[in-house]
Amino acid sequence: MGESAIGVIRVSGPDAIATVAPLLRPPSSLPDFPSHTLRRVGVLDPKSGALLDEALCAVMRAPRSSTGEDVVELSCHGSPAALRLITLRIVEHGARLATPGEFTRRAFLNGRLDLAQAEAVALLISARTDRAVTLAARALAGGLSEHVRVVWSALVDLIGGLEVALDFPEEHVGHDCVTARATVTRLRGDVQRWLASARHGRVVHEGLTIALVGPPNAGKSSLLNALLGHDRAIVSPVAGTTRDVVEGTLVLDGVPVRLLDTAGIDVARDEIEAEGIRRSRRAMEESDLLLVVLDGSILPSATVLAETAGRARLLVRAKSDLPAHRAAAALPDAVAASIVAAGGLDALRECLLREVERRATAAGDEGGIVASLRQIGLLQALHAALAASDTALGEAPLEAALVDLREALAHAGAILGLDVGDAILDHIFSTFCLGK
Ligand SMILES: Nc1nc2c(ncn2[C@@H]2O[C@H](COP(=O)(O)OP(=O)(O)OP(=O)(O)O)[C@@H](O)[C@H]2O)c(=O)[nH]1
Ligand SMILES: [Mg+2]
């Protein structure tokens, strides 16, 4: 809880109206409130009769509410103290505090959302950029669910048709293997495309981590500051200025990017530098991309080049305003950058944008997908089961293909929340914030 203009207290359940009514002035009016309208009310302390707040009250009667139950919402002033007091009084009148994600869980259990949409609520709340919001909002509106529902229905139809064919082999009813296989191949291709799209969507949602690494004094901290547009890290002509990892964030192409500036990698002169270099290596480990910064006016560091080889990296020839060292020609892929020359960062910014774009957008990805890790895991399992049934339909007895198809059906169902157990629901909704 923090201070805000408005704080909403939401009560859901069959007794919601009766529970809140005694706190409102006049108390008897709440049961007669028309559904889905706002009314100004006084909120009283039922113990002392003192006025606690002036609020806007809405009643949304079942089943036309977010949870599918009777819901009362009080939009109070956002004082944490007042909100706590009013909540406490409501609890004293028979309500209890919601567990994390409980409102969304009830919405799911009452059929207002499927599980993929319920998870999209959490994705929307944690979205950090416009682009991440757009993806999550699409998922909330049923983007992924719609796709998966189509697969689910096609599988129900296939399994039914193949079972009929198996039970009445003489009658030529149900599905034949050839058309069934064509359908499975098509579904498999669809799932593969969504999977690729969902992996890219994850990058848009979670963002990328990029570490600036290189020898001491190469100009890493200067580049960090220039890219961020403010003086985040200390810059000095003394080699070994940066000791700790310094972090800053920027948004590139709608993707949140964490930039990590690190200590220069070289032979450590003391224990503090040695610890700094250990931290640089840890930062390298957790990064999606390395910006390997080399001072273009001197001989490039062989140590740093060797240590970063084989990792996703972008070589940067820093200080390009200075005369280039002749060995710089040996690094033709390096992007020239300078913090003093006019336009000295344009090429580097361009390259970074392209790298982000490549990781965040699948080819032909207009209708991009964002999915939770659980959903991505299930999409993978669904894809594997479809691939197995595809093969089985070509060679094995029909029964074998049916086993794989049923497995695929179970995975598709699990994405939508059909037949998932309490343990999985506990896990999903425990990641929500309170009050959602
Ligand atoms: N001419 C020129 N000098 C630069 C440029 N970028 C940085 N410098 C200078 O290079 C020196 C080192 O810069 P830093 O950004 O502190 O280098 P660093 O790689 O962070 O160094 P450590 O933290 O010690 O590893 C400073 O004196 C900067 O002013 C550049 O583009 N052109
Ligand atoms: Mg530095």
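Predicted, not measured: the structure shown is a model, and the values here were computed from it. We count ligands from 1, going down the list as the structure has it; atoms in each ligand are counted the same way.
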**Q** Where the closest heavy atom to atom 15 (O) of ligand 1 is concerned, which of A218, S280, A341, S222 has it?
**A**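 Selected option, by shortest heavy-atom distance: S222.
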
**Q** Provide the closest heavy-atom pair for H411 versus A385 in the form atom of the first, atom of the second, distance.
**A** CD2-CB, 4.4 Å

**Q** Within the 4.5 Å heavy-atom criterion, are L56 and L74 side-chain neighbours or not?
**A** no

**Q** For a side-chain contact (heavy atoms from CB on, under 4.5 Å) with L386, tell me which candidate from L155, T185, D404 qualifies.
**A**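 Answer after filtering L155, T185, D404: L155.
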
**Q** Quick check: do S297 and H325 have side-chain heavy atoms less than 4.5 Å from each other?
**A** no

**Q** Are more than 12 heavy atoms, taken from residues, nucleotides or ligands other than E275, located less than 6.0 Å from that residue's CD atom?
**A**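 Yes, the 6.0 Å shell around CD holds more than 12 heavy atoms from other groups.
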
**Q** With heavy-atom distances below 4.5 Å as the criterion, would you say the side chains of L259 and R232 are in contact?
**A** no

**Q** Tell me, please, which residues at least two apart from R406 pass side chain to side chain contact (heavy atoms under 4.5 Å, CB included).
**A** I159, E163, L402

**Q** Tell me which protein heavy atom sits closest to atom 17 (O) of ligand 1, plus the residue, atom name and distance to 0.1 Å.
**A** G219 N, 3.1 Å

**Q** For atom 10 (O) of ligand 1, what is the closest protein heavy atom, and at what distance to 0.1 Å?
**A**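 Protein heavy atom with the smallest distance to atom 10 (O) of ligand 1: K319 NZ, 3.0 Å.
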
**Q** Looking at L322, which atoms of ligand 1 are within less than 4.0 Å of one of its heavy atoms?
**A** 1 (N)

**Q** Could you tell me the residue and atom name of the protein heavy atom closest to atom 26 (C) of ligand 1, and the distance to it rounded to 0.1 Å?
**A**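 In this structure, atom 26 (C) of ligand 1 has S236 O, 3.6 Å as its nearest protein heavy atom.
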
**Q** Any N or O on G240 sitting closer than 3.5 Å to an N or O of ligand 1?
**A** yes

**Q** Could you list which atoms of ligand 1 come closer than 4.0 Å to a heavy atom of G264?
**A** 25 (O)

**Q** Tell me: protein heavy atom nearest atom 29 (O) of ligand 1, and distance?
**A**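 The closest one turns out to be V235 CG1, 4.0 Å.
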
**Q** For ligand 1, which is the ligand I care about here, please tell me if D321 has any N or O atom under 3.5 Å from one of the ligand's N or O atoms.
**A**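 Among all N and O atoms of D321, at least one is under 3.5 Å from an N or O of ligand 1.
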
**Q** Kindly indicate whether the side chain of R149, heavy atoms from C-beta on, has any atom under 4.5 Å from the side chain of D114.
**A** yes

**Q** Could you go through the side chain to side chain contact (heavy atoms under 4.5 Å, CB included) check for L85 and L52 one step at a time?
**A** CA-CA 8 Å; L85 191 58; L52 297 178; 3.6 Å; yes

**Q** Are any non-hydrogen side-chain atoms of V8 and C76 less than 4.5 angstrom apart?
**A**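 No, every pair of side-chain atoms sits at 4.5 Å or beyond.
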
**Q** Just jot down the ligand 1 atoms closer than 4.0 angstrom to any heavy atom of V340, in number order.
**A** 32 (N)

**Q** I'd like to know whether ligand 1 has V238 as a neighbour, heavy-atom separation below 4.0 Å.
**A** yes

**Q** Quick one: nearest non-hydrogen protein atom to atom 12 (C) of ligand 1, plus distance?
**A**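 Its nearest protein heavy-atom neighbour is N217 OD1, 3.1 Å.
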
**Q** What residue and atom, counting heavy atoms only, is the protein's closest point to atom 25 (O) of ligand 1, and at what distance?
**A** K220 NZ, 2.8 Å

**Q** As an exercise, state the distance from CG of D244 to OG1 of T262, rounded to the nearest 0.5 Å.
**A**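 Going from CG on D244 over to OG1 on T262, the span is 11.0 Å.
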
**Q** Any idea which part of D261 is under 4.0 Å from ligand 1, heavy-atom wise: side chain, backbone, both or neither?
**A** neither

**Q** Below 4.5 Å, heavy atoms only, C-beta onward: do L250 and R258 meet side chain to side chain?
**A**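 They are not in side-chain contact.
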
**Q** Looking only at protein heavy atoms, identify the closest one to atom 31 (O) of ligand 1 and say how far it is in Å.
**A** I339 N, 2.9 Å

**Q** Does ligand 1 come near enough to T242 that some N or O of the ligand is less than 3.5 Å from an N or O of the residue?
**A** yes

**Q** Using a 4.5 Å cut-off on heavy atoms from C-beta on, say whether the side chain of S221 contacts that of D261.
**A** yes

**Q** The Mg ion (ligand 2): which protein N, O or S atoms are under 2.8 Å away?
**A**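 N, O, S partners closer than 2.8 Å: S221 OG, T242 OG1.
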
